[in-house]
J.: 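For reference, the structure I am asking about is given below.
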Amino acid sequence: MTATGESAHGSNDSGGLVLVLNSGSSSVKFAVLAPASGERVLAGMADKVGTPETELRIRRYPDHVVTEQLPEGSYRAVISRILDHLPEAGLRAAEDGASGPGQARLVGAGHRVVHGGERFTASVLVDDEVIAAIRASSHLAPLHNPANLAGIEAVRAARPDLRQVAVFDTAFHQTMPPRAFRYAVPEEWYTRYGVRRYGFHGTSYRFVSERAAAQLGRPLAGLRLVIAHLGNGCSLAAVRDGVSVDTTMGLTPLEGLVMGTRSGDVDPGVFGFLADRAGLAIDELDQALYNASGLRGLSGVSNDMRTVEAAAAEGDERARLALDVFVHRLAKAIAGMVTGLERLDALVFTAGIGENSALVRGQVLARLGFLGLAEDPTANARHGRDTGGRISPDGPVVAMVVPTDEELMIARDTARLTAAGARLR
Ligand code: ADP
């Protein structure tokens with residue numbers, strides 16, 4: 001997640017603050033922020049969760065950082081400790097009622113949940129039935145959903161009165177038509193096992209599409225966008241009138257573009273071929289495609305785009321090839337996404353590579369002139385910061401940079417749904 005907020009105190013008393021949690025298989029990232037402004041009060045991360053070496057780093061804005069060892073190491077221990085820090089930051093986790101002077105109120109906890117299957121088309125207030133449904137989707141994301149649930153259950157155990165919201169990476173793409181989400185495989189694979197394209201990074205796409213429309217000064221309804229979320233994981237979404245109509249990731253976050261360590265698309269025949277020729281088992285193939293491929297596999301240097309760019313600039317041939325394959329596949333996929341839109345109004349770059357690599361953006365735009373795209377080199381070098389995000393010359397098709405903030409989107413959903421839940425009580 002990209003955190004862009006600054007110090008918070010002073011502006012957080014209007015609607016309360018939200019605890020945003022991203023509980024992964026061995027880490028917990030968190031932030032406490034004001035949903036209206038995006039300003040942070042606390043943020044941090046616990047590493048090696050589930051082991052006696054668990055370490056929790058907490059930043060109290062603007063610049064007070066503490067590091068603690070948590071030998072107990074469970075999600076519950078980590079989350080209790082995060083909640084313990086709230087009073088020190090001038091916060092109280094209250095059930096209801098107005099905040100006291102000088103004390104901001106925590107109105108809820110919002111959780112990133114990776115897979116919502118076909119059940120979840122939007123964020124929801126957590127209750128027993130929602131927990132059961134997330135658990136029922138766990139086979140679709142066996143590493144992620146159980147960890148996300150552990151975070152939800154840990155908050156529940158520590159603060160049973162605090163309302164919680166689940167925000168799904170997949171939900172935004174549930175608007176895709178069957179022609180975009182179905183694979184051409186035996187029908188039973190879909191009906192019995194749920195093998196279809198779900199797509200990911202949905203929270204980022206929702207945030208960035210709203211921001212892009214605001215920056216373009218046009219309503220989302222009527223806009224046709226291709227958004228490139230290029231972080232450690234990379235994907236594209238075609239967004240038409242504010243809804244997703246196509247995306248490059250599929251059943252899992254392995255499909256589509258070249259990524260840091262993930263292959264993206266390969267010939268599915270590679271499985272049988274390598275099982276036969278190299279004697280590799282399914283889990284070894286899976287592991288290689290997830291962790292030893294992408295920029296890392298091609299370059300042999302790094303999974304990190306900065307390092308690959310630097311090595312390519314110094315003449316490293318494999319790093320050059322990695323960059324070349326990354327850009328070729330990205331440009332090709334962007335052109336493919338436009339078929340679901342019939343017209344392109346803007347190509348939007350976001351996440352670590354999208355927001356920071358003028359090189360990648362420039363090379364992609366150079367390949368997509370036939371779509372009406374072009375680079376304004378000065379604006380691109382400045383990442384669109386002086387031009388309202390725009391990195392293309394004036395013209396009907398805009399290229400732009402829009403920084404994502406998934407934590408803020410989760411905080412906003414949480415504030416909205418917990419307020420609605422409170423009214424229903
Ligand atoms: P995550 O998907 O884990 O949230 P990020 O969105 O932070 O990751 O993106 C990480 C990627 O962004 C890495 O490949 C990193 O090298 C790349 N990146 C960050 N800054 C730059 C930069 N200045 N130039 C090129 N790539 C960058």
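In each ligand, atom 1 is the first atom listed, and ligand 1 is the first ligand listed.
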J.: Tell me whether the count of non-hydrogen atoms from other residues, nucleotides or ligands lying under 6.0 Å of CD in Glu118 goes above 12.
T.: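 Yes.
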
J.: Could you tell me whether Arg412 and Glu210 make a salt bridge, using a distance below 4.0 angstrom between a side-chain N and a carboxylate O?
T.: no

J.: Does the ring center of His115 lie less than 6.0 Å from the ring center of Tyr198?
T.: yes

J.: What about His173 and Tyr205, are their ring centers closer than 6.0 Å?
T.: yes

J.: Which of the atoms in ligand 1, numbered in the order shown and given with their element, are less than 4.0 Å from a heavy-atom of Ser357?
T.: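 This gives 25 (C) as the contact atoms.
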
J.: Any N/O of Glu309 closer than 3.5 Å to an N/O of ligand 1?
T.: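 So ligand 1 has no N or O lying under 3.5 Å from an N or O of Glu309.
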
J.: Are any of the N or O atoms of Ile353 closer than 3.5 Å to those of ligand 1?
T.: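 It does: an N or O of Ile353 is found under 3.5 Å from an N or O of ligand 1.
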
J.: Say whether Gly352, considering both its backbone and side-chain N or O atoms, lies within less than 3.5 Å of an N or O atom on ligand 1.
T.: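 Min N/O separation from ligand 1 is below 3.5 Å for Gly352.
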
J.: Strictly by ring-ring contact (aromatic ring centres under 6.0 Å, His included), give each pair with a member in residues 214-261 just once, sequence neighbours left out.
T.: His201-His229

J.: Has ligand 1 got any nitrogen or oxygen that is less than 3.5 angstrom from a nitrogen or oxygen of Ala351?
T.: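 No, there is no polar N/O contact under 3.5 Å.
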
J.: If you measure every N or O of Asp304 against every N or O of ligand 1, does any of those distances drop under 3.5 Å?
T.: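 Yes, at least one N or O pair falls under 3.5 Å.
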
